[in-house]
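The structure appears right after this line, and notes come after that.
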Amino acid sequence: MEALKTKVAAESVGLPSIYSLEYEELQSWLQEQGEPEFRTQQIFYWLYQTRVQSFEEMTNLSKQLRQKLAEAFSITVLKEVTHQESVDGTVKYLFELKDGYTIETVLMKHDYGNSVCVTSQVGCRLGCTFCASTLGGLKRNVEAGEITAQVLEIQKDLDKKGERVDSIVVMGIGEPFDNYDELLSFLKIINHDNGLNIGARHITVSTSGMVPRIYDFADEQLQINFAVSLHAPNSEIRSRLMPVNRAWPVEKLMESIRYYQDKTSRRVTFEYGLFGGVNDQVEHAEELAELVNGLKCHVNLIPVNDVPERDYVRTSKNDIFAFERTLREKGVNVTIRREQGHDIDAACGQLRANERQEETR
Ligand code: SAH
């Protein structure tokens with residue numbers, strides 16, 4: 001079983017996490033052990049609905065099978081290093097992985113339910129000049145099971161209050177498309193009826209614009225929400241903010257997004273951070289409206305968070321509203337991102353950077 005072998009080999013510390021296995025992968029493994037098909041459903045139920053933390057607790061499996069599972073896999077538990085709670089209910093968790101690296105996961109309370117923002121990489125190699133996640137470069141990819149475990153840790157907290165994780169955004173530390181295979185496994189596991197059963201329309205993936213992966217993602221034909229961190233109306237400005245634009249400039253990016261829309265018919269979200277004096281004037285809004293013309297899309301304006309390590313300044317309220325008005329007048333769907341967790345280290349990577357300075361240097 002090739003896929004499983006790769007996953008096993010990728011594991012540097014301890015046994016591979018069973019949370020990394022897609023339904024069909026677990027099914028093949030069980031088949032190899034001579035187990036009937038319905039075992040997969042039973043095990044997924046224990047893992048994702050009952051949320052047990054040991055194979056021993058899977059009482060409708062034979063002792064022998066529980067033993068075999070325990071010899072082959074681990075059930076990942078993330079250690080909570082610390083958490084910060086905002087007055088608006090946002091909770092930011094700092095979790096430690098098996099090799100000591102730390103990652104952030106955020107729980108946000110919306111009127112439509114509990115949303116969890118997961119981390120896909122330890123650090124990031126894309127070097128966006130405004131982002132705290134990229135400060136120490138990329139340490140390693142986060143495995144599918146470790147992304148899944150972030151959701152489960154928060155779900156276990158919510159279980160105490162009888163609540164559930166309603167939606168997922170892959171917008172934490174890292175570039176999800178730079179960890180594409182693990183990302184896809186994660187999406188399939190949480191979306192599976194017998195997994196966490198989180199509907200595709202309640203899952204959002206955000207990319208900085210790794211164009212070849214956008215084509216791959218389009219071909220998957222998933223009903224998942226798709227967001228692109230655009231942040232500039234042209235390549236000249238975008239390359240200054242995001243080095244990834246030098247590899248895949250705005251024109252190529254837009255081409256891939258049009259392909260995505262042709263394939264999936266899904267609306268695309270553009271994230272657009274307003275950086276004082278860089279990309280936040282009415283002329284930029286006009287150029288942006290031109291750029292997205294003809295696409296079924298939505299622009300989410302993000303007033304920039306001050307990152308002490310970076311020099312960007314916030315756009316004034318007046319300029320934010322002028323930008324929004326210009327887009328609206330040109331027929332573009334636009335919202336200004338509601339800020340959450342402003343009293344905690346809310347920007348991606350800030351809590352990790354502050355807690356573990358040696359890791360992000
Ligand atoms: N790497 C992916 C996922 C991260 S999502 C991506 O780039 O889309 C996190 C979002 O927050 C991205 O849109 C990112 O560009 C934005 N962001 C990062 N640092 C920020 C800051 N200091 N102020 C405002 N937005 C920021």
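This chain uses plain numbering: 1 for the first residue, then up along the sequence. Just so you know, ligand 1 is whichever comes first in the structure, and atom 1 is the first atom listed for that ligand. Every value quoted in this text rests on a predicted model; they were computed, and no experiment measured them. Just so it is clear, the values below take in all heavy atoms, side chains as well, and ignore hydrogens, waters and symmetry mates.
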Nearest-option assignment for atom 1 (N) of ligand 1, heavy atoms, candidates Gly174, Ala227, Ser208: Gly174
Assert yes or no for the condition that the ring centre distance of Tyr48 to Tyr19 is strictly below 6.0 Å. yes
Interfacing atoms of ligand 1 (cut-off 4.0 Å, heavy-atom, Phe130): 15 (O), 17 (N), 18 (C), 19 (N), 20 (C), 21 (C), 22 (N)
Of all residues at least two apart in sequence or in a different chain, which pass the salt bridge (charged side-chain N to carboxylate O under 4.0 Å, His left out) check with Glu163? Lys109
Determine the interplanar angle of the Tyr180 and Phe177 rings, folded into 0 to 90°, and report it as parallel if under 30°, tilted if 30 to 60°, perpendicular if over 60°. perpendicular
Please determine if Asp216 and Arg213 form a salt bridge, counting it only when a charged side-chain N lies under 4.0 Å from a carboxylate O. yes
Provide the number and element of each atom of ligand 1 under 4.0 Å from a heavy atom of Ser229. 6 (C), 7 (O), 8 (O), 12 (C), 13 (O), 15 (O)
Any non-hydrogen atom of Gly172 lying under 4.0 Å from ligand 1? yes
Between Glu153 and Lys156, is there a side-chain N and carboxylate O pair less than 4.0 Å apart? yes
Taking 4.0 angstrom as the limit and counting only heavy atoms of Cys131, give me the atoms of ligand 1 inside it, by number and element. 18 (C), 19 (N)
Do the two ring centres, one from Tyr272 and one from Phe270, sit under 6.0 Å apart? no
Residue-level breakdown please: for Thr207 versus ligand 1, do any non-hydrogen atoms fall below 4.0 Å on the side chain, on the backbone, on both, or on neither? backbone
Logged contact type for Met171 with ligand 1, heavy-atom cut-off 4.0 Å, is both
Should you measure from each heavy atom of His231, which atoms of ligand 1 turn up under 4.0 Å away? 13 (O), 14 (C), 15 (O)
